[in-house]
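So the structure is just underneath, and the comments pick up after that.
Just so it is clear, the values below take in all heavy atoms, side chains as well, and ignore hydrogens, waters and symmetry mates. No experiment lies behind these values; they were computed from the predicted model shown. The first residue in the sequence is number 1, and the count goes up from there.
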Amino acid sequence: MGAASAAAAPGPGASNEFRRAGALEIDNLSKRFGGAMALDGVSMDVRGGEIHGLLGSNGSGKSTLIKILSGFHAPEPGGSVFVHGKPLPLPATGPKVRELGLAFVHQQLGLIQSLTVMENLRLGEFAADRKWRIDWRAEEERTRATFARYNLSLNPRAVVGALPAVEQALLAIVRAIEDLRSAGLEKHHGGVLVLDEPTPFLPRAGVEQLFDLVRQLADEGASVVFVSHDVDEVMEITDRATILRDGQKVDTVTTADIGHRDLIRLIVGQALSDFESAHVPNAASGSDVRVTGLQAQGFGSVDLVFGRGEIVGITGLIGSGSDRLPALLYGAQPADTGVLELDGAEIRLAGLKPMEAMQKDIAYLPADRLGRAGIGGLSVADNLTMPVLDELGGPWRLSRRRMRKRAAEQGAAAEVKPNSPVLPLGALSGGNQQKVVMAKWLQTQPRLILLDEPTQGVDVGARQALWTMLDESADRGATIIVSSTDYDQLAQICHRVIIFSRGQMVWELTGSDVSKEAIAEHCFLSIPMD
């Protein structure tokens, strides 16, 4: 891990431009959206060669702070930012941010999926270069040498869209560092790299590989700001961490000196007990949901039975097929054969279309909340009211007033912050986006709810709100199927957990046997059921 030592302070006669000693010094940054203060006088520092965590609940101000640093938002007057002693003019501009040695890797990575690894890596250079031709052989050799420097074996000619998620994340980080090098990284003492939620979609092995790269960069002198909701990851990888809450700085702590629960208490403002379901499934209802003979390419044949009001977890190792079950039952992925029986009505899964599934009171929430689950460029009201537009129209047209009213009501019930129906969905923090897309479907009171990684990238406080929403739906009689690789989450909210391997159900845990440790153990055992 990188050393956490600050650069020496300048002498009393030093220019004001170089009066700051840290790699990144933030002083009194604020940002207001309408009447709401999203960031309120935040100050923090990042030392040279330090891996510095930035933590906070959804809506705490983390995203707003990062967007000010990257030039996406203009702050309120009165704040300042210094990068290795030099002032960053505010509002920031892309060229000045890069010139001073700041680089960003956002959760969406910013890669062009249809281009090759080499083209993505050198895209900035290609755009700025006035040469009329590119020596592709030389560029490939240069790209391989770059990856070798970071002990990576990425294929320069591979199309990015075909790469695993972890290799895409590693490519985005190397590209950010190489952009700093091309801007003169050495004179910036290694630069400052901001990693904004880089791990939610990575398997554990991928997280370890990414952490190895981050540690190497810190050892070489770069400073890293690691933005995350995962407390365990922050405690593992960072030297220090700054915690934001409700737009204000709560504290900066040395992560080696603080416990897990104490860090959570700083994030949410109170001690957080483990979530416990408020209800038990209706055992008298019997098998209200049956899946028979489900087969798809590389999946099945699978037979499953679920009860009314039951929350069932589906999990397994990466590639086990557990993440495919919700999509197959909704028609979002094609099934070859199979029947879904819902309260006595049979639904043929081969040829099932999502619109048909929705009409039969089935709701599906994919993992990508700004992809298939929600549309970031549309307002919260537009996203939230999509399934109920027929209830909100007049004789000739939709009523925008009624749409906004419904969105405000559902947003308040789901504790969306800020609860502003006119904001673009993409302007909300990740946890609040998830509350919106969850509320979008739960307002229809579906009979069968299919969820894929519903709390991925969501902070510990927002998770409790989402789990409560699911618990209330189950209490009303919905059957809920949760596909997730978060074993702790499954152990807290599920009545049963079914484990998959190679497209087959291989184990089932019920009652007191449902624990984080038992789920993890059986995921690695892959022992067929009798």
Side-chain angles (χ1 to χ4, degrees), residues 70 94-95 98 101-186 190-191 193-220 222 224 297-298 317-321 323-324 333 366-368 370-372 485 502:
S70 62
R98 184 168 178 263
L102 269 173
F104 299 82
V105 177
H106 300 286
Q107 191 176 102
Q108 288 74 29
L109 301 182
L111 300 173
I112 300 176
Q113 300 290 300
S114 59
L115 296 184
T116 67
V117 167
M118 176 171 55
E119 290 165 338
N120 272 275
L121 182 66
R122 304 299 182 197
L123 194 59
E125 290 185 31
F126 291 165
D129 201 332
R130 296 183 179 275
K131 294 179 180 178
W132 64 273
R133 67 181 296 273
I134 296 171
D135 186 341
W136 291 107
R137 180 174 296 179
E139 287 297 335
E140 182 175 347
E141 292 176 359
R142 183 168 162 238
T143 299
R144 290 187 187 279
T146 297
F147 292 141
R149 191 162 63 244
Y150 298 107
N151 299 314
L152 300 177
S153 57
L154 298 180
N155 179 4
R157 293 186 176 273
V159 176
V160 164
L163 295 179
V166 62
E167 293 189 0
Q168 294 193 31
L170 294 170
L171 170 60
I173 292 172
V174 171
R175 183 177 66 175
I177 290 296
E178 287 300 296
D179 283 348
L180 288 181
R181 286 186 185 277
S182 65
L185 176 146
E186 285 78 12
L193 176 64
V194 180
L195 300 180
D196 190 3
E197 296 283 358
T199 63
F201 303 105
L202 302 184
R204 183 60 207 175
V207 172
E208 292 293 346
Q209 192 176 4
L210 184 144
F211 281 3
D212 287 343
L213 177 57
V214 169
R215 292 187 183 103
Q216 179 184 343
L217 295 174
D219 288 340
E220 292 176 357
V224 180
Q297 185 175 4
L317 301 179
I318 300 297
S320 67
D323 58 329
R324 297 181 60 193
Q333 288 187 15
D368 54 341
L370 289 185
R372 292 175 296 163
T485 53
R502 299 178 183 176

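Of the inter-residue distances, the one linking Ile173 atom CD1 with Leu195 atom CG reads 5.0 Å to the nearest 0.5 angstrom.
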Does Val174 form a side-chain contact (heavy atoms from CB on, under 4.5 Å) with Phe147? I'd like the steps, not just the answer.
CA-CA 8 Å; Val174 171; Phe147 292 141; 4.1 Å; yes
Verdict with reasoning, Leu121 to Leu171, per side-chain contact (heavy atoms from CB on, under 4.5 Å):
CA-CA 7 Å; Leu121 182 66; Leu171 170 60; 4.3 Å; yes
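With sequence neighbours left out, Glu140 forms a salt bridge (charged side-chain N to carboxylate O under 4.0 Å, His left out) with Arg144, Arg157. By the side-chain hydrogen bond (donor to acceptor under 3.5 Å, both in side chains) test, Thr146 is found to be paired with Arg122, residues two or more places apart in sequence or in another chain being considered. For Ala158, the side chain to side chain contact (heavy atoms under 4.5 Å, CB included) criterion is met by Val117, Asn155, Leu163, not counting sequence neighbours. Taking the side-chain hydrogen bond (donor to acceptor under 3.5 Å, both in side chains) definition, one finds that Thr116 meets it with Glu119, sequence neighbours left out. Evaluation of the side chain to side chain contact (heavy atoms under 4.5 Å, CB included) rule for Gln333 yields Arg324, Ala327, Leu328 as partners, not counting sequence neighbours. Listed by chain and residue number, Tyr150, Asn151, Leu213, Glu220 satisfy the side chain to side chain contact (heavy atoms under 4.5 Å, CB included) test with Gln216 (two or more places apart in sequence, or in another chain).
Val160 approaches Ile112 most closely through the heavy-atom pair CB-O, 3.9 Å. Of all the heavy atoms in Gln113 and Val159, the pair that sits closest is O-CG1, 3.2 Å. Annotation for Val105 and Ala176: closest pair CG2-CB, 3.8 Å, computed over non-hydrogen atoms. Gln168 and Leu111 make their closest contact through O-CD1, 3.4 Å (heavy atoms, listed as atom of the first residue, atom of the second, distance).
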